There are 2 protein chains.
Amino acid sequence: MRPLFHPSVEDVPVEAILHALSDPVRVAIFAEIVGQNCSHNCVAFSNVNQKSIPKSTLSQHFKILREAGLIRGERRGVEMYNTSRCAEIDKRFPGLIGAIVTAHNIQLADGARTTKAIKRKSVKRIAKNR
Amino acid sequence: MRPLFHPSVEDVPVEAILHALSDPVRVAIFAEIVGQNCSHNCVAFSNVNQKSIPKSTLSQHFKILREAGLIRGERRGVEMYNTSRCAEIDKRFPGLIGAIVTAHNIQLADGARTTKAIKRKSVKRIAKNR
DNA sequence: TTCAATAGTTCATAAATTCAGAACTAATGA
DNA sequence: TCATTAGTTCTGAATTTATGAACTATTGAA
């Protein structure tokens with residue numbers, strides 16, 4: 001299996017970072033990894049947000065986080081060890097990751113109200129039904 | 001013409017904000033509006049990034065920024081007056097907007113290197129060709 | 001060794017989003 | 001009333017994303 005691709009932080013545009021974190025499943029995964037400041041394998045997340053997510057989908061999510069320079073994935077035996085690359089990103093874009101993770105946590109804490117609208121789709125629906 | 005929809009900031013999930021700003025044209029527009037801390041009509045942006053963007057597309061972009069609670073659009077005669085809603089958002093998600101706009105500006109300042117990769121698409125291509 | 005089990009990737013295609021031209025609406029000023 | 005300007009909406013095409021199925025890699029046991 002060929003080694004995973006990890007871009008150097010200078011090659012990652014902010015847009016890619018924002019895009020990677022604009023998905024509810026991916027911010028959740030990333031916030032976990034940052035929070036624990038340690039590893040986590042793919043399967044550990046198979047029910048983020050009370051939903052069971054197919055592993056092909058999860059695999060994609062991790063790939064997007066990796067290619068946005070947000071995490072580093074390292075094979076450890078049969079499973080994957082993921083760590084955040086916060087420190088590196090923070091050098092280039094100070095405060096960015098912190099602010100996003102904080103915002104995510106604030107939203108989590110807000111609870112019920114926002115959990116209903118956590119999918120992008122919902123926002124659009126709200127907007128539409130005005 | 002029916003009045004524009006502006007969500008209350010509490011109803012906007014972070015994901016929607018990040019998604020809105022994960023597009024190079026939209027961050028550029030938004031950073032401009034924030035930077036000038038004042039208005040700007042649609043057409044003023046018709047060649048953001050040296051590209052001329054069709055007005056139907058621009059209209060969509062503004063709508064997405066509006067529905068993410070990032071800007072307020074107000075009709076002034078025949079044209080649109082757009083202002084940022086930074087202050088409101090900052091109350092709920094402190095530092096978020098600032099960090100993103102700063103990151104955007106850092107990237108702009110970096111110049112040539114990143115401008116080539118400014119489209120999400122490019123990042124993926126870079127990733128693919130490994 | 002060989003085999004089964006586990007973790008994750010890749011591939012193919014269906015579903016959802018986004019883009020952009022064309023037709024439309026609204027306000028302004030001649 | 002008409003032409004002009006600014007912006008929206010509609011619609012089909014192009015692009016992205018999601019996911020089941022098939023595949024690859026590693027481990028541990030027989």
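So you know, we letter chains A, B, ... as the sequences are listed, proteins then strands, and number each from 1. Note that the structure is predicted; figures quoted are calculated from it, not measured. In what follows, every heavy atom counts, from backbone to side chain, and hydrogens, waters and symmetry copies are set aside.
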Looking at [X], I'd like to know whether one of its side-chain N or O atoms comes within less than 4.0 Å of OP1 or OP2 on [N].
| X | N | result |
| --- | --- | --- |
| S59(B) | dT8(D) | yes |
| R76(B) | dG7(D) | no |
| H19(B) | dT18(C) | yes |
| T57(B) | dA20(C) | yes |

Problem - Any L65(A) side-chain heavy atom under 4.5 Å of I29(A) side chain - result: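 Side-chain contact under 4.5 Å: yes.
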
Closest to side chain of [X], choosing from [options]:
| X | options | result |
| --- | --- | --- |
| E79(B) | dC19(C), dA18(D), dG7(D) | dG7(D) |
| R66(A) | dA18(D), dT9(C), dC19(C) | dT9(C) |
| V78(B) | dT6(C), dT9(D), dA6(D) | dA6(D) |
| K55(B) | dA6(D), dT9(D), dA18(D) | dA6(D) |
| L4(A) | dT5(D), dT9(D), dT9(C) | dT9(C) |
| S56(B) | dA20(C), dA18(D), dG7(D) | dA20(C) |

Rounded distance (Å) that lies between atom [atom2] of [N] and atom [atom1] of [X]:
| X | N | atom1 | atom2 | value |
| --- | --- | --- | --- | --- |
| H61(A) | dA7(C) | NE2 | P | 19 Å |
| E74(A) | dT9(C) | CD | P | 14 Å |
| K63(B) | dT9(D) | NZ | C1' | 8 Å |
| I53(B) | dA6(D) | CD1 | P | 16 Å |
| R75(A) | dA7(C) | CZ | P | 11 Å |
| F62(B) | dC19(C) | CZ | C1' | 17 Å |
| Y81(A) | dT6(C) | OH | P | 23 Å |
| E67(B) | dT9(D) | CD | C1' | 13 Å |

**Asked** Between E88(A) and R85(A), is there a salt bridge with N-O shorter than 4.0 Å?
**Response**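 Judged by the 4.0 Å cut-off on N to carboxylate O distance, R85(A) and E88(A) do form a salt bridge.
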
Give a yes or no on whether a salt bridge exists between R72(A) and E74(A), defined as a side-chain N under 4.0 angstrom from a carboxylate O.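 Not counted as a salt bridge, because no side-chain N and carboxylate O are separated by less than 4.0 Å.
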
Please report the interatomic distance NE2(H61(A)) to NZ(K55(A)), rounded to the nearest 0.5 Å.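 One gets 15.5 Å once the value is rounded to the nearest 0.5 Å.
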
Looking at CZ of F93(A) and CD1 of I100(A), how far apart are the two atoms once the value is rounded to the nearest 0.5 Å?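 Going from CZ on F93(A) over to CD1 on I100(A), the span is 10.5 Å.
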
